[in-house]
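The analysis underlying the following values was restricted to heavy atoms, covering all of them including side chains, and did not include hydrogens, waters or symmetry mates. To find a chain, count down the sequence lines: A is the first, B the second, and so on, and within it residues start at 1.
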Number of protein chains: 2
Amino acid sequence: MQGLQSGEWKPGELIPSEIELAGRFKVSQGTVRKAIDEMSAENLVVRRQGKGTFVATHHEARSQFRFLRLVPDGGVPHYPENKIIEVKRLRAPAEVARLLDIKSGDSVVFIRRVQSFSGVPTILDDLWLPGAIFKGLTAERLNEYKGPMYGLFETEFGTHMIRASEEIRAVCADEVASELLHVEKGVPLLNVERVSFTYGDKPVELRRGLYLTSQHHYRNELS
Amino acid sequence: MQGLQSGEWKPGELIPSEIELAGRFKVSQGTVRKAIDEMSAENLVVRRQGKGTFVATHHEARSQFRFLRLVPDGGVPHYPENKIIEVKRLRAPAEVARLLDIKSGDSVVFIRRVQSFSGVPTILDDLWLPGAIFKGLTAERLNEYKGPMYGLFETEFGTHMIRASEEIRAVCADEVASELLHVEKGVPLLNVERVSFTYGDKPVELRRGLYLTSQHHYRNELS
DNA sequence: AAGTGGTCTAGACCACTAT
DNA sequence: TAGTGGTCTAGACCACTTT
């Protein structure tokens, strides 16, 4: 039943009504409803009463903070400014290839960027993306684009992230981090290694973030 | 509909069947099913086909790792050994009182403990618990008890944790941490501040953990 | 065999959105 | 007013567990 997802309709698109899907698959409306409810719980789809059901997209206010967990101490979450430091092509090292499920030596796009809150550099991200999917990704396009990178990935490269797995450690700022985040070497930072997945649980992004947590924290709800 | 939770039946207990609840509340079985499905999604209740629906408890294998996110690098999660360092009563400082939603100066139980994986001290926890709820909690009872602390809290004090909110930062090991975790002063540690809630979103535990992440990491699934 | 949750049906009525 | 999702009904059959 869920096999129809991811391919048939694009993010943001309206999918057929429950009644129509029920007819198409020869099941009752209740069964369609249950299937859609499950997809909605997984954030694959968004329901709007009176309007219809839409394929989830990263171009929505409610999606903005789904993958950004760093919030200011005692303040309201807001989106950081973005500065691209470097974009280049390289051959995937063994570890990167393993996590992205590609072959060692395959082309990958490497991106380094710094994100700032109210002008204060706070996040240093290194990203590795499979070159085969992200053809033609340049620093210019990344700089032009406003808002979360996942919006660009979705619109320009047809790759919608549906989930991610993170490993968090505490580390000391190295040379690079100290320079880009304007802190002393040795300052403790959150090291967040993320692998993001698109439809079919296919890994399509490896990201290693260094978060400065003197005025922000990583928020997590356990339930 | 969900108002019947938390009070009428104890953790681990079997609740009435869907059909009986449907009769009791004059609704259809489908409506009861939906309500129970929602409670099941919130981990308030566990469904077992052919047996019935049970109030969730921390005395289950599947609950063990719900609130323990630190896992060994490249290994299988397992439960750490527990060593109680200190248990004492004190008057709640303003900040603790605020987070626990009690009055400043009210009695709280303070616990300090170290958790080790395969003999390696890895987690230093400081806990603050409302004295009014955790009467008679002693180091002996904590040391006798095997398994997750939340199991003891549930059985001995009738307090079942249903969710928690964590704030994570990177810090340097201070004097106390370096001594108890057997690391040098200044080593980077994960600082995890947790507030746990019981039924009715009532805060009942404040916990500040320092995690050594040289051989473990905090795992988080974003979805 | 009896009782449980798991899935599904075919229909009803309501709340919301558009035209 | 018509179409959408949101909620509910009353019943069916299945898979699993216990006696």
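The two residues A/Val55 and A/Lys10 have their closest heavy-atom pair at CB-O, 3.4 Å.
Separating the CD1 atom of B/Ile19 from the C1' atom of D/dA12 is a distance of 12 Å, rounded to the nearest angstrom. Between the CG atom of B/Leu14 and the P atom of D/dT18 there is a distance of 12 Å, given to the nearest Å. Rounded to an integer number of Å, the gap from A/Ile36 CD1 to D/dG6 C1' is 12 Å.
In this structure, A/Ser17 reaches the D/dT4 phosphate: one of its side-chain N or O atoms is under 4.0 Å from OP1 or OP2. Here A/Arg47 reaches the OP1 or OP2 of D/dG6: one of its side-chain N or O atoms lies under 4.0 Å away.
At most 12 heavy atoms of other shown residues, nucleotides or ligands fall within 6.0 angstrom of atom CD in A/Gln215. Few gaps surround CD on B/Glu156; more than 12 heavy atoms of other groups in view lie less than 6.0 Å from it.
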Could I get a table of every N or O pair under 3.5 Å where one atom is in the protein and the other is in nucleotides 7-11 of chain C?
{"residue": "C/dT7", "atom": "OP2", "partner": "A/Lys34", "partner atom": "NZ", "Å": "3.1"}
{"residue": "C/dT9", "atom": "OP2", "partner": "A/Ser28", "partner atom": "N", "Å": "2.8"}
{"residue": "C/dT9", "atom": "OP2", "partner": "A/Ser28", "partner atom": "OG", "Å": "3.1"}
{"residue": "C/dT9", "atom": "OP2", "partner": "A/Thr31", "partner atom": "OG1", "Å": "2.3"}

Sort me out a list of protein N/O and nucleotides 13-15 of chain C N/O pairs below 3.5 Å, or just none if empty.
{"residue": "C/dA15", "atom": "N3", "partner": "A/Gln49", "partner atom": "NE2", "Å": "3.1"}

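In this structure B/Phe134 satisfies the ring pair (Phe, Tyr, Trp, His ring centres under 6.0 Å) test together with B/Phe153, B/Phe157, sequence neighbours excluded.
Between the side chains of B/Thr155 and B/Tyr145, no donor-acceptor pair of N or O atoms lies under 3.5 Å.
Two residues, B/Glu20 and A/Lys51, neighbour DNA chain C, and the one matched to the more 5' nucleotide by heavy-atom proximity is B/Glu20.
The side-chain heavy atoms of A/Asp201 and A/Arg163, taken from C-beta on, include a pair separated by under 4.5 Å.
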Next on the checklist: Between A/Arg48 and A/Glu60, is the salt bridge (charged side-chain N to carboxylate O under 4.0 Å, His left out) condition met? List the steps.
Outcome noted: CA-CA 13 Å; A/Arg48 292 192 220 281; A/Glu60 302 169 75; 3.7 Å; yes

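For the pair B/Arg141 (side chain) and B/Gly136 (backbone), a donor-acceptor distance under 3.5 Å is present.
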